[in-house]
Amino acid sequence: QKAAQKLKPIVPIKFYISSRTDSGVHALCNSAHLDIHRAPGRPAFNEKQLIHGLNYHLRPEPIRILNAYRVASSFHARFSALSRTYIYRLLVGCAHHSEIPVFERNLCWAPVGGYLNVPAMREAAQFLVGTHDFSTFRSLNSETPFQSPVRTMLQADIQPSHGFLSHHYEHRGLEFWELTFRSRSFLYRQVRRMVGTLVAVGQGKLTPRHIKELLETRDSRALPPNAMAPPSGLFLKSVEY
């Protein structure tokens, strides 16, 4: 908003962001909308001018504008979204957190134990796909009484991935995995709680069928202790319209 104000609008600018995230969560790409009212007689910014102008004033910040589009006045970055895709990065093979590659620190989660039963996790993840009451997989906050806990999970996949410069330390036996979740919207901390529970399945603390039972319980207190993944491995990948 501060960067946009330096474009000298005649009405204060407010950004409407597509998704809010917890502190420590990352965004590979996010979306927002804003209205810019220029002085009478001044033409509207075109897309290239807007990108260049905002990025010029965003230079000190770890954020860049990638694209800009003119949209209808009825468009809303949050409510017009058809789906949102999050990925969660896991690192397997670390006996201690000090073994996490320095360039990956705060960009993944290395669960204690060093081994995960990925086939069991994949089996468990399929219980999350579809329309369910996700009460068990949300943290409570001030919006809880006003939000329906029913969500439709369009995708819940687990695939091997790569780390930054990982081909240089293949001898260390580290494995990266990405958990991908896509839905129109998510509940508060839903993805982190789903990931933590799936990791518990991978560690043998739960069976895949436990995921189905937790869904049916519909109680946030039913989640096992410490079954919420840290924010560092979570990335908002894209918002689809």
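Only heavy atoms go into these numbers, but all of them, side chains included; no hydrogens, no water, no symmetry mates.
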Start with the C-alpha gap between T136 and L215, add the side-chain angles, then the distance that decides, and say whether side-chain contact (heavy atoms from CB on, under 4.5 Å) holds. CA-CA 6 Å; T136 302; L215 277 171; over 6 Å; no
Looking only at atom types and distance, does a side-chain atom of Q203 sit under 3.5 Å from a main-chain N or O of P111, one as donor and one as acceptor? no
With heavy-atom distances below 4.5 Å as the criterion, would you say the side chains of L54 and L7 are in contact? yes
Where do S18 and S31 land on the side chain to side chain donor-acceptor pair (under 3.5 Å) test, with the steps shown first? CA-CA 5 Å; S18 71; S31 305; 4.8 Å; no
Distance, nearest 0.5 Å, that separates CG of L174 from CG of L91: 5.5 Å
Are F181 and L154 close enough that some pair of their side-chain heavy atoms sits under 4.5 Å apart? no
Counting only heavy atoms not in R105, do more than 12 sit closer than 6.0 Å to its CZ atom? no
Can you measure from CZ (R209) to CD (E213) and round to the nearest 0.5 angstrom? 7.0 Å
Point-to-point distance, once rounded to the nearest 0.5 Å, from CD of Q190 to OG of S185: 8.0 Å
Taking the six-membered ring where the residue is Trp, are the ring centres of F176 and H162 under 6.0 Å apart? no
Compare all side-chain heavy atoms of T197 with those of L214 and state whether any distance is below 4.5 angstrom. yes
Closest non-hydrogen contact found for M153 with F134 is CE-CZ, 4.1 Å
Which atom names give the shortest non-hydrogen contact between A120 and P208, and what distance separates them? O-CG, 3.6 Å
Between H37 and R42, does a side-chain contact (heavy atoms from CB on, under 4.5 Å) hold up when you go through it step by step? CA-CA 9 Å; H37 298 273; R42 302 293 299 274; over 6 Å; no
If only atom types and distance count, is the side chain of R64 paired as donor or acceptor with the main-chain N or O of I51 below 3.5 Å? no
Counting only heavy atoms not in H167, do more than 12 fall under 6.0 Å of its NE2? yes
In the structure I gave you, are the side-chain heavy atoms of F45 and I36 within less than 4.5 Å of one another anywhere? yes
If two hydrophobic side chains count as joined below 4.5 Å and joins carry through other members, does W177 share a cluster with M194? yes
Got a donor-acceptor contact below 3.5 angstrom from the N46 side chain to the Q49 backbone? yes
Is Q1 reaching over with its side chain to a backbone N or O of F15, donor-acceptor style, under 3.5 angstrom? yes
same_hphob_cluster(L165, V102) at 4.5 Å side-chain heavy-atom cutoff: yes
Roughly how far apart are E123 CD and I158 CD1, rounded to 0.5 Å? 11.0 Å
Can you tell me how far the CZ atom of R172 sits from the OG atom of S166, to the nearest 0.5 Å? 11.0 Å
Is it true that a side-chain atom of H210 and a backbone atom of T207 form a donor plus acceptor pair closer than 3.5 Å? yes
Show, in sequence, the C-alpha distance, side-chain angles and deciding distance for W109 and V199, and conclude whether the side-chain contact (heavy atoms from CB on, under 4.5 Å) test is met. CA-CA 11 Å; W109 175 30; V199 166; 3.6 Å; yes
May I ask you to decide if S148's main-chain N or O and R151's side chain share a donor-acceptor pair within less than 3.5 Å? yes
Which heavy-atom pair separates P230 from R192 by the least distance, and what is that distance? C-NE, 3.8 Å
Gap separating the NZ atom of K6 from the NZ atom of K8, nearest 0.5 angstrom: 11.5 Å
Set out, in order, the CA-CA distance, both residues' side-chain angles and the distance that settles side chain to side chain donor-acceptor pair (under 3.5 Å) for Q155 and D157, then state yes or no. CA-CA 6 Å; Q155 180 182 5; D157 291 339; 2.7 Å; yes
Taking atom CZ as the centre, does R38 end up with more than 12 heavy-atom neighbours from other residues, nucleotides or ligands that are less than 6.0 angstrom away? yes
State whether the number of non-hydrogen atoms from other residues, nucleotides or ligands found under 6.0 Å of D219 atom CG is greater than 12. yes
Show the nearest heavy-atom pair for residues A44 and R70, with the distance to one decimal. CB-NH2, 4.0 Å
Not counting sequence neighbours, which residues clear side-chain hydrogen bond (donor to acceptor under 3.5 Å, both in side chains) with N55? List them please. none
Is any side-chain heavy atom of H33 less than 4.5 Å from a side-chain heavy atom of H76? yes
Could you see if L140 belongs to whatever hydrophobic cluster contains M228? Use Ile, Leu, Val, Met, Phe, Trp, Tyr and a side-chain cutoff under 4.5 Å. no
Whether the side chain of S220 engages the backbone of S139 through a donor-acceptor N/O pair (distance < 3.5 Å, no angle test) should be reported. no
Qualifying side-chain hydrogen bond (donor to acceptor under 3.5 Å, both in side chains) pairs, either residue in residues 77-97, two or more places apart: S19-R84, S83-E240, T85-E240, R89-E104, H96-S98
Could you check whether any side-chain heavy atom of Q147 comes within less than 4.5 Å of a side-chain heavy atom of L187, counting everything from C-beta outward? yes
Can you name the nearest heavy-atom pair linking E178 to S161, along with the distance? OE2-OG, 3.0 Å
Under the 6.0 Å and 45° cation-pi test, does R59 pair with Y56? yes
Quick check on the 6.0 Å ring-centre criterion: do F75 and Y241 meet it? yes
What I'd like to find out is whether the side chain of Y16 reaches to under 4.5 Å of the side chain of L34, using heavy atoms alone. no
Please tell me if the side chains of L198 and L179 come closer than 4.5 Å, counting only heavy atoms from C-beta onward. yes
Look only at the side chain of H132 and the backbone of F127, and say whether a donor-acceptor pair between them is shorter than 3.5 Å. yes
So if you build clusters from Ile, Leu, Val, Met, Phe, Trp, Tyr with side-chain heavy-atom gaps below 4.5 Å, do I100 and L90 land together? no
So does I13 get a backbone contact from the side chain of Q5, meaning a donor-acceptor N/O pair under 3.5 Å? yes
Does NE2 belonging to H52 count more than 12 external heavy atoms closer than 6.0 Å? no
Can you list the steps and then say if D35 with K14 is a side-chain contact (heavy atoms from CB on, under 4.5 Å)? CA-CA 8 Å; D35 296 311; K14 180 173 176 57; over 6 Å; no
Hydrophobic cluster membership, F137 vs I87, 4.5 Å side-chain cutoff: no
Taking side-chain contact (heavy atoms from CB on, under 4.5 Å) as the criterion, tell me which of L116, V118, N117, L206 meets it with V201. L206
Using only atom types and a distance under 3.5 Å, with no angle test, would you say the side chain of H26 pairs donor to acceptor with the backbone of S232? yes
